[in-house]
Amino acid sequence: MERAKLDLWVGMFVVAGFAALAILAFKVGNLDSLSMSDTYVLKANFGNIGGLKASASVKSAGVVVGRVTDIKLNPESYEAQVTIKVDKHYQFPKDSLIGIMTSGLLGDQYLSLKPGVDDDMLKNGDVIKQARSAIVLEDLIGQVVASKAESAK
Amino acid sequence: MPVARTIRNLGHRTVEAVWRIGYASRFFAMILLHSGTSFRRFQLTIKEVYFTGVMSLVIILVAGLFVGVVLGLQGYETLKSYGSESSLGELVALSLVRELGPVLGALLFASRAGSAMTAEIGLMKATEQLAAMEMMSINPISRVIAPRFWSGVISMPILAAMFSVVGVFGGYLVGVVYIGVDNGSFWSQMQASVDFQHDVVNGVIKSFVFGIAVTAISLFEGYDAPPTAEGVSHATTRTVVESSLVILMLDVVLTAVMFRGV
Amino acid sequence: MSAQPLVEIRDVNFTYDTRAILKGINMDFHRGKVIAIMGGSGCGKTTLFRLIGGALKPSRGEVRINGQVIHELDEKGLYAMRRKMGVLFQFGALFTDLSVYDNVAFQMRELTDLPESMIRDLVTMKLHAVGLRGTENLMPNQLSGGMARRVALARTIALDPMLILYDEPFTGLDPISLTMIGDSIRRLNNALGATSVLVTHDVQESLKIVDYIYFIADGVIAAEGTPEEIMATDKPFVHQFVHGLGDGPVPFHFPASSSYAEDLGVRA
């Protein structure tokens, strides 16, 4: 095999390999706007996070605007401290509301960010005050059973 | 005494096995030690990338497409019963990127390129080409073995990535084009669930590790093969069997480390 | 004959596992000579050969080349020594993935900084010396056995070695190729002023071209001398070997532990 032809083939092979990786990163994966552009960090405390996981998405009006980067238990308040990063393009008022939602009945849990009305915007490192915990299915069922029992009396 | 004989047998086998592991480790260390030439004269490695990587392309692409198509069909059947057909993209992409791309890619690579490597090195040894090189004061490890090793290490992640991409395309063909899952939710669900670092990068790391393991085994078996036709053919078989087992074993370990509890 | 031989083999013993293959071998290879080492199959010829090349270490004794003890050299020293040696392997051992040209040019490219134009001239000269100029672009699998052997010979002398070792150079060749190789060995040795050592069991061909012969049997030197002396000898083993007799000191029958009659169940 001629050297030039061989080099050409191997060159194309490597280029195709990088193209495949790029497709995996941008088309299949989520390395599009979010991981590339600048982000800022916000925190929120929840009484119960249910099944929320790191790298779960943060949505506002259904649009992905950020991602959960870290989940810790605050050893003093025994609350879950969730850290998220949000795309710089999206700014939210200080009194925005954050809640843990489930996509579908059995789907993944994600954070939903509902914008408030304040003129001041949340800045890097701020804590979102208004946080609604996850709805735990067992608690819900427990409540329903209890209220039924009440009414049956 | 049959008991004594059994114990002696066991002892013999243990010593053999340990000796062989030691010999293989030493061989691996020699490859790393004599890798300078593979990079100083990169042309040598490029030539081998052609034989290991480019020549494996067809089987990788065809197999990837078929696996993607099957994932699309089977995944749709399963997801349909939960009413979440829109998650088809997620299922296909995650299975491929995390597992099937690296693992099946490496298994195919072992049987296509690995066995060829073993046969080639074994024949070079049987026909005294390696000895001839040594007598010319050229180290066969640095001139013949190391460039092949690095070519495998370079080719494997590329092939695995291509396998995944073609597989996702196969899933898309079945899911969106043939069955009619919504195009938008197919891709958006996929993108929402496939994390670059957690899934794509880990998949690449896996294929990289498999590449090292498969090439090292292939080269060692060839280098260690008895210099006869029978010896070389046995070594080729052993390459495929050992590589497959090691790939699956490493996959268990890597998966446990990478995806535990997340 | 120069004062110090190029290769001196002193009291070399080699034991493989517990089997003694060579027992106290002494040999001198003088400069400019062609020497043959002969013996029956499995008599330790190839082992001796590998000892000279430094691929094996003797259990006792030493091999000196140019005054240096081979098995005491470190890897660097051994490689430096091997650069001055050429080895022709039994079936040529041509690199099957390289063309004839690349095979002959292999050492020049790997071990020297010669410019490609000079390498081309050298390769042409070497191929011409073995009568195969014009085969540059063929691959080894396109060559006949005899041609492959000659290409391998051209590759062996690529860097003008001072010592050339031939491992069974006549095996598996037709009579014409055989003579061609034999003549080439003699001619190239004279042209290069080298020393050639043939490990072979082809008596007739070797007797035509060599200066001195060693016979090895059972790990010791059974006989040695010039071709004339060997032809004239009346030692029974050498006589049997040179004239290719089927029976003699080397028996036709394997020394079985039981008698033929016993094995057949015939009562004595």
Side-chain angles (χ1 to χ4, degrees), chain B residues 12 15-16 19 26 29-30 33-34 36-38 40-52 54-55 113 116-148 151 219 222-223 225 227-229 232, chain C residues 46 49-56 70 73-98 102-112 140-141 145 148-149 151-153 155-159 161 163-168 171-172 197:
Chain B
H12 179 73
V15 170
E16 284 271 285
W19 184 86
R26 186 173 165 275
M30 292 300 274
L33 203 67
H34 290 287
T37 311
S38 314
R40 243 190 340 269
R41 294 171 57 195
F42 202 58
Q43 194 61 37
L44 290 174
T45 309
I46 288 182
K47 188 176 165 197
E48 297 310 325
V49 170
Y50 180 81
F51 288 112
T52 50
V54 179
M55 299 297 260
M117 242 185 244
T118 304
E120 192 190 9
I121 300 292
L123 275 176
M124 285 184 89
K125 189 187 174 196
T127 53
E128 297 186 299
Q129 293 180 44
L130 296 182
M133 213 173 267
E134 195 141 351
M135 289 307 294
M136 293 176 186
S137 53
I138 296 156
N139 188 331
I141 300 229
S142 79
R143 178 62 173 73
V144 175
I145 309 280
R148 282 169 172 76
S151 79
L219 292 170
Y223 193 75
T228 58
V232 174
Chain C
T46 308
F49 191 79
R50 298 180 62 122
L51 287 168
I52 297 172
L56 292 175
I70 282 292
L73 293 171
D74 57 2
E75 193 177 61
K76 221 172 170 182
L78 185 62
Y79 273 18
M81 177 61 74
R82 284 175 178 173
R83 280 190 65 157
K84 298 179 208 148
M85 285 189 218
V87 181
L88 183 70
F89 281 86
Q90 192 162 355
F91 293 102
L94 289 176
F95 302 129
T96 38
D97 58 337
L98 299 179
D102 290 335
N103 261 288
V104 180
F106 190 78
Q107 277 166 292
M108 304 177 193
R109 286 185 179 147
E110 296 286 327
L111 300 174
T112 69
N141 58 15
R149 204 71 59 87
V151 171
L153 183 55
R155 188 183 66 178
T156 306
I157 57 164
L159 293 181
L163 173 65
I164 312 176
L165 305 175
Y166 297 90
D167 186 4
E168 305 278 8
T171 308
V197 182

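Note on naming: letters A, B, ... go to the chains in the order of the sequence lines (proteins, then strands), and numbering restarts at 1 for each one.
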Legend entry - Residue pairs involving residues 83-95 of chain C (criterion side-chain hydrogen bond (donor to acceptor under 3.5 Å, both in side chains); sequence neighbours excluded): none
Legend entry - chain B contact via C/Arg155 - which portion, at a heavy-atom distance below 4.5 Å: side chain
Inset, instruction - Go through the atoms of C/Leu159 and report whether side chain, backbone, both or neither lie under 4.5 Å from a heavy atom of chain B. - result: neither
Legend entry - For the student: nearest non-hydrogen atoms of B/Ile138 and C/Phe106, plus distance: CD1-CE2, 3.4 Å
Inset, instruction - Could you tell me whether B/Arg41 atom CZ has more than 12 heavy atoms of other residues or ligands within 6.0 Å of it? - result: yes
Inset, instruction - Just give me the residue among B/Asn139, B/Leu123, B/Thr37, B/Val144 that pairs up with chain C most often, heavy atom to heavy atom, under 4.5 Å. - result: B/Asn139
Legend entry - Proximal to chain C - members of residues 127-137 of chain B, heavy-atom separation under 4.5 Å: B/Thr127, B/Glu128, B/Gln129, B/Ala131, B/Ala132, B/Met133, B/Glu134, B/Met135, B/Met136, B/Ser137
Legend entry - B/Lys47 versus chain C, the contacting section by heavy-atom distance below 4.5 Å: side chain
